[in-house]
Amino acid sequence: MPARSIEQIRNLCKRRGFIFPGSAAYGGLGSFWDYGPLGVEMLGHIKRAWWRNVVYERDDMEGLDGAIITSRKVWQHSGHEATFSDPLVDCKKCRARHRADHLTSNVCPKCGSTDLTPPRSFNLMFQSHVGPVAAEVGTDEELASRVYLRPETAQTIFMNFKHVQATLRRKVPFGVAQIGKAFRNEITPGNFIFRTREFEQMEIEFFIKPPQFVKDGEKTDEQWHEEWISQRYNWWLSLGVDPSRLRKRAQDKAELAHYAKATTDLEYLFPDFGWGEVEGVANRTDFDLSAHSRDIPEADLARLKLEKNADSTETFDYFDPEAKARYIPWVIEPSAGVTRAMLTFLCEAYHEELVKEPTPAEVDPLKVEIDSAIKNAQKKAKEAEKLRAESRVPSPGSTADKAAGDAAPGTRDTGPKHDPVAIADFVAKLEEMKGRLPASLLEIDNLLEEHPGAQNLEPVKKLKPKVNKLAEDCVRVVLRLHPTLAPIKVAIFPLKKNEPAIVDIGRRITKQLAPFMRVQYDDSAGIGRLYRRQDEIGTPFCITVDFQTLEDNTVTLRERDSMAQSRVKIDDLKHMLMQRLHLA
RNA sequence: GCGGGUGUAGCUCAGUGGUAGAGCAUCACGUUGCCAACGUGAUGGUCGUGGGUUCGAGUCCCAUCACCCGCUCCA
């Protein structure tokens, strides 16, 4: 079972050195995060895995690393300066928020009020200025020096289309990959690192023939689009994401960005907030390359709803030697978030497992308490039922309803605090799980914590810490990360830290493996605790140097997921680990 | 930005106006023959921040910041 909540992941990330809140000593800065020693390793692994897959393993791709700070002109002509901002109005009465450009009149569609705030514009791009002089906002001088932190890496790829094509002598179809930071002043960041204002992208612009030049037997833009969707989908699966939690979803026409003919999102089923986009594969047509080009024919400008570009000095076209024609290529864009990928892999890898069977002496008292909790819950359910029946008598408009009368439906239930239906469901589940103790210990722990029917019940409050304590004693947290993604690859322990011969060998193995993989030597606790620590950060292998090592030069190799142990010759360690970690 | 909630040690929390605490974690020493062992000791907090009330504020008031949950956002 993967993570039950983002909170679990956030805690683990902070506690074990993956991710810390940014600017923490000064109270933090919203939506900015610092990646710690383990986080930076994992980000690096994600990026390398992606780069290997889309650049090294293909024969039609090149790489690029463009500047983050980009001329304002780029974003004017890409359409971002005009489009990448949302004029918003708030309804003062019901507090709903609407896009001003989606309202047909000056009336709130939710409550009908006309008491709306004036539209306020949120440009999603961070801006700065090149040069030391600060000019007054909006003046020609200010606009001349204004630059934007790129909101997507894509545009620097478009700017370099001809450079890459010419210097690497590429023929269409080919693509350019880029990994780098992007910045968006999001109105609503949140869900930990899912949506942040500074994030990292992995983007490809794959240049293909425009439809009118595609010959029989060649792939159309739609076929290329499909192919990239499945390519990218498979990449996520190859790194351990379960297909039941990854889906492809084609965007509706209304959802499409200003540049796209079609977009399919890859969505992961996150805890707490459900399906969330982790990658978008867009068919951007020839929109961007045309937008940045001078000398585009009127017909094409009209088709793409573009203005004539008088600023650009280039035309981003391509001479196709086979077709003997010059054209502006179309573009398929697979675009994923690195930081979002990290959250995805962490959620997917997070597991809690019962590794120790609680004894009957520990479980039996729990059963007694569960029985009394069930009895109490049933009593509360009956009382609530009765209360509900009575409260139906006074009609809406009574004093109790007045205060909540204007609230949107579902915001506050002023009725009895117990919901008989929820309690009945809770009781049924608890009964069933009780029958499966001790195996169901974790499920009960979760049920007491999460189930709506369990809230506000006194015996449950008493029961919860006891179940939780026992669960903690019997559980291990393990990140079942794909070995490629694990921040630490191998941990090395001496079975007895006061035995110089054992310690020496442990340190020697550490030094021997260090140039090839991230290793961690640890002698600061008993062997069991050392294993658990590594499980929690997803280290695939642990090596223990023991007394037998002194006799036959073998060590214990312990595998994370199965906890199985085997003996391996020290001389074979490096080779074997390289193989099993996919490093060789 | 608006509404609701939260903020005390790395973590989980106790502390209702009178000398800042517990458990876990971390570190040191000893002990320990493979899955969160034990003993002894130690480190660690201007109680989110700033202001106010008070002889005295973790506690009461105001402001502010951050996080969480909602509000058409998309990597």
Could you state the atom-to-atom distance from [atom1] of [X] to [atom2] of [N] in whole Å?
{"X": "A/F547", "N": "B/C34", "atom1": "CZ", "atom2": "P", "result": "10 Å"}
{"X": "A/D522", "N": "B/C34", "atom1": "CG", "atom2": "P", "result": "18 Å"}
{"X": "A/R15", "N": "B/A25", "atom1": "CZ", "atom2": "C1'", "result": "9 Å"}
{"X": "A/E7", "N": "B/A66", "atom1": "CD", "atom2": "C1'", "result": "14 Å"}
{"X": "A/R197", "N": "B/A75", "atom1": "CZ", "atom2": "P", "result": "16 Å"}

For [X], which contact category applies under a 4.0 Å heavy-atom criterion: base, sugar-phosphate, or nothing?
{"X": "A/Q565", "answer": "base"}
{"X": "A/V338", "answer": "nothing"}
{"X": "A/T196", "answer": "base"}
{"X": "A/T339", "answer": "base"}
{"X": "A/S335", "answer": "sugar-phosphate"}
{"X": "A/F493", "answer": "nothing"}
{"X": "A/F192", "answer": "sugar-phosphate"}
{"X": "A/K497", "answer": "base"}
{"X": "A/N498", "answer": "base"}
{"X": "A/R558", "answer": "base"}
{"X": "A/E279", "answer": "sugar-phosphate"}

Any donor-acceptor pair under 3.5 Å between the side chain of [X] and the base of [N]?
{"X": "A/R195", "N": "B/C74", "value": "no"}
{"X": "A/E255", "N": "B/C74", "value": "yes"}
{"X": "A/N11", "N": "B/C11", "value": "no"}

Now, which nucleotide makes the Watson-Crick or G-U wobble pair with [N], with each of the two distances under 3.5 Å?
{"N": "B/C2", "result": "B/G70"}
{"N": "B/U64", "result": "B/G48"}
{"N": "B/U40", "result": "B/A28"}
{"N": "B/C13", "result": "B/G21"}
{"N": "B/G58", "result": "none"}
{"N": "B/C35", "result": "none"}

Looking at [Y], is [X] sitting on its ring face, NZ or CZ under 6.0 Å from the six-membered ring centre and within 45 degrees of the normal?
{"X": "A/R558", "Y": "A/Y531", "result": "yes"}
{"X": "A/K248", "Y": "A/Y233", "result": "yes"}
{"X": "A/R249", "Y": "A/W275", "result": "no"}

- Query: Nearest to the side chain of A/S524 - B/A36, B/C69, B/C27?
  - Reply: B/C27
- Checking B/U26, B/C35, B/C74 against the side chain of A/R529 (C-beta onward), the nearest is B/U26
- Atom pair CD (A/Q548) and CD1 (A/I502), whose distance is rounded to the nearest 0.5 Å: 11.0 Å
- Between B/G58 and B/G70, how far apart are the P atoms? Round to whole Å, please. 35 Å
- State yes or no: are the ring centers of A/F345 and A/W236 separated by less than 6.0 Å? yes
- Message: I want to check one thing: is the phosphate of B/C24, taken as OP1 and OP2, less than 4.0 Å away from some side-chain N or O of A/R532?
- Response: no
- Query: Distance only, no hydrogens: is a donor on one side chain within 3.5 Å (strictly under) of an acceptor on the other, for A/W235 and A/E279?
  - Reply: no
- Query: Want to settle it: does A/E559 or A/A336 sit nearer the 5' end of RNA chain B, counting the closest nucleotide to each?
  - Reply: A/E559
- Query: Less than 5.5 Å between centroids and less than 30° between ring planes, does A/Y531 satisfy that with B/A36?
  - Reply: no
- Closest heavy-atom contact between A/D265 and A/T263? OD1-CG2, 3.7 Å
